[in-house]
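What follows is a set of notes on a single structure, which appears directly below.
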Number of protein chains: 2
Amino acid sequence: MSRVLVVDDDVQLLRALRITLRAAGHEVVTAPDGAAALREAAAAHPDVVVLDLGLPDLDGTEVLAGLRPWFTGPVLVLSARSDSRDKVDALDAGADDYVTKPFDMDELLARLRSLLRRRSDAPAEPVVVTDHFTVDLAARQVTVDGVPVRLTPTEWALLSELVRAPGRLVGQKQLLQSVWGPAYERETNYLRVYTAQLRRKLEPDPAHPRYLHTEPGMGYRFTP
Amino acid sequence: MSRVLVVDDDVQLLRALRITLRAAGHEVVTAPDGAAALREAAAAHPDVVVLDLGLPDLDGTEVLAGLRPWFTGPVLVLSARSDSRDKVDALDAGADDYVTKPFDMDELLARLRSLLRRRSDAPAEPVVVTDHFTVDLAARQVTVDGVPVRLTPTEWALLSELVRAPGRLVGQKQLLQSVWGPAYERETNYLRVYTAQLRRKLEPDPAHPRYLHTEPGMGYRFTP
DNA sequence: GTGCGGCGTCAAGGACCCGTCAAGGCCGGG
DNA sequence: CCCGGCCTTGACGGGTCCTTGACGCCGCAC
């Protein structure tokens, strides 16, 4: 069903969680400390992380900080500390839920279900491929028919915004905001100029775009 | 910042929440009972709902059930009952978090921030499906029999207003207001022209609409 | 039957938006 | 200093979309 990474140094609790989560149909990966947690999170690509704040090596919030820049799934924090200050800190550090020990197992499972229900199906694809060109977001490179093509910084910023939302329409305000900044919300000129350049460089027939479509009055859409 | 709908019958608590949420930069809409909650949720399009389970008219889970078919934002449940059984029921009924009274205000705010943060990362908007066409609110795309259909901005604005309230009647004043602006409350002409265009593009038999119904003198209704 | 109000349809005009091109300015490298 | 990318800006033609008015239909009240 889903892969759960459980981070805790309490062997007893770890064992109980493993059994219960397995019984609920989840695949379980465990880590006994912070370093292992970061390692396992990178290796196993879990759907959700259950993180105990009291770890032997790292502080729980440090693990959270190490996770958050790239891990987009939900994180449920376990802690013995019930002080609301701790809760606020953990939640603001990127946690999605905070459960104090001792906790009821059924409640934990229900909270996990709630978090997983929200999980979206867009796990940040690093490389986008079409019949005519490929866009490697990580390497910052696009190739057309296997041949690398150079893009200017602005062209790249615009293309990556569109490619990150395949099939979805991206509003012109949003494009202008994230490529040129909030002060340029009305400069739809730029969009026209740069989509034309992108089409010239990427589309097989720039006059009749097949991938970079424009929706008059609304925005642009990349369709793979 | 964000629009919060607070549902509670305790006037004291409602007042405290309103003040605190306003201070945190949120726009606050309130409802004292379940019926008003459903009404306000439809009218105000809140980003998040804070729902007390103990209401005078409806049970909280009934409100949740009425909300969930179409409201996709997060719902934070408040309750005086700390039994884990109640928590599990609420979470499985569609709640995203469960906080027991009495609660710490800072923690509530942090949990709201956490819920809203998710919304901005992964705007999980709904997809409305009928036998003949589908409307993807997030991608801003409608397909009829599998083929994408282009809608103009106005057509889209009108359709999304109707589709966001499936089965419910939407008054002409409300439609005109949210699509064309408050100054156009009397231009029912526009509604006739654009519903006709939508029907031509979406309905299998535009002359005998099956999904976009007219309620003479009142408004329009989308029935899935 | 007759009048009336609300609705659906159609078409035309004008405003708006888009694609295109090219000139000018800014900046860094040679 | 000059030169070449790159970004900005303006102008223009063509197409799209919104607005607006006219017309006929239907249901209802009288």
(request) Write out all pairs satisfying salt bridge (Lys or Arg N to Asp or Glu O under 4.0 Å) with one or both partners inside residues 199-212 of chain A, taking only residues at least two apart or from two chains. (result) A:Asp131-A:Arg210, A:Glu155-A:Lys201
(message) A:Thr223: which residues meet the side-chain hydrogen bond (donor to acceptor under 3.5 Å, both in side chains) condition with it, sequence neighbours left out?
(response) A:His213
(message) Among residues at least two apart in sequence or on other chains, which ones pass ring pair (Phe, Tyr, Trp, His ring centres under 6.0 Å) with B:Tyr194?
(response) B:Trp180
(message) Between A:Arg168 and B:Asp136, does any NZ, NE, NH1 or NH2 come within less than 4.0 Å of an OD or OE carboxylate oxygen?
(response) no
(request) Using atom CG of A:Leu191 as one end and atom C1' of D:dC7 as the other, report the distance to the nearest whole Å. (result) 14 Å
(message) Using a 4.0 Å heavy-atom cut-off to protein, can you give one letter per nucleotide of nucleotides 15-21 of chain D, 5' to 3': B if the base is in contact, S if only the sugar-phosphate is, - if neither?
(response) --SBBB-
Mind listing the side-chain donor-acceptor pairs of residues 214-221 of chain A below 3.5 Å, one per line with the distance, residues two or more places apart or on another chain?
from	atom 1	to	atom 2	distance (Å)
A:Glu215	OE2	A:Arg221	NE	3.2
A:Glu215	OE2	A:Arg221	NH2	3.2
A:Arg221	NH1	A:Gly167	O	2.8
A:Arg221	NH1	B:Ala139	O	2.9
A:Arg221	NH2	B:Arg140	O	2.9

(request) Give the rounded distance in Å between these two atoms: NE2 of A:His208 and P of C:dG19. (result) 12 Å
(request) Answer with base, sugar-phosphate or nothing: what part of the nucleic acid does B:Thr214 contact at a heavy-atom distance below 4.0 Å? (result) sugar-phosphate
(message) What is the distance, to the nearest angstrom, from the CD atom on B:Glu215 to the P atom on C:dG5?
(response) 22 Å
Please tabulate, one pair per line, all N/O donor-acceptor pairs under 3.5 Å involving side-chain atoms of residues 31-45 of chain B, not counting sequence neighbours.
from	atom 1	to	atom 2	distance (Å)
B:Asp33	OD1	B:Ala35	N	3.3
B:Asp33	OD1	B:Ala36	N	2.8

(message) Nearest whole Å is fine: how far is D:dC7 C1' from A:Leu198 CG?
(response) 14 Å
(message) Going by the rule ring pair (Phe, Tyr, Trp, His ring centres under 6.0 Å), which residues pair with B:Phe133 if we only count those two or more places apart in sequence or in a different chain?
(response) B:Tyr211
(request) For A:Asp86, enumerate each residue passing the side-chain hydrogen bond (donor to acceptor under 3.5 Å, both in side chains) test, keeping only those at least two apart in sequence or located in another chain. (result) A:Arg81
Write out a two-atom table: protein N or O, nucleotide N or O from nucleotides 28-30 of chain D, distance below 3.5 Å.
none

(request) Please indicate whether B:Lys101 has more than 12 foreign heavy atoms, meaning atoms of other residues, nucleotides or ligands, lying under 6.0 Å from its NZ. (result) yes
(request) Mind listing the residues from residues 165-176 of chain B sitting with a heavy atom below 4.0 Å of DNA chain C? Number order is fine. (result) none
(request) Report the distance from atom NE2 of B:His213 to atom P of C:dG6, rounded to the nearest whole Å. (result) 22 Å
Taking distance alone, no hydrogens or angles, what donor-acceptor pairs closer than 3.5 Å link side-chain atoms of residues 13-26 of chain B to residues at least two apart or in another chain?
from	atom 1	to	atom 2	distance (Å)
B:Thr20	OG1	B:Ala16	O	2.7

(request) Please determine if a side-chain N or O atom of A:Arg192 lies less than 4.0 Å away from the OP1 or OP2 oxygen of C:dT20. (result) no
(request) Calculate the interatomic distance between A:Arg199 atom CZ and C:dC21 atom C1'; express it in whole Å. (result) 16 Å
(message) Suppose the criterion is salt bridge (Lys or Arg N to Asp or Glu O under 4.0 Å): which pairs have a residue in residues 61-74 of chain B, not counting sequence neighbours?
(response) B:Arg68-B:Asp96
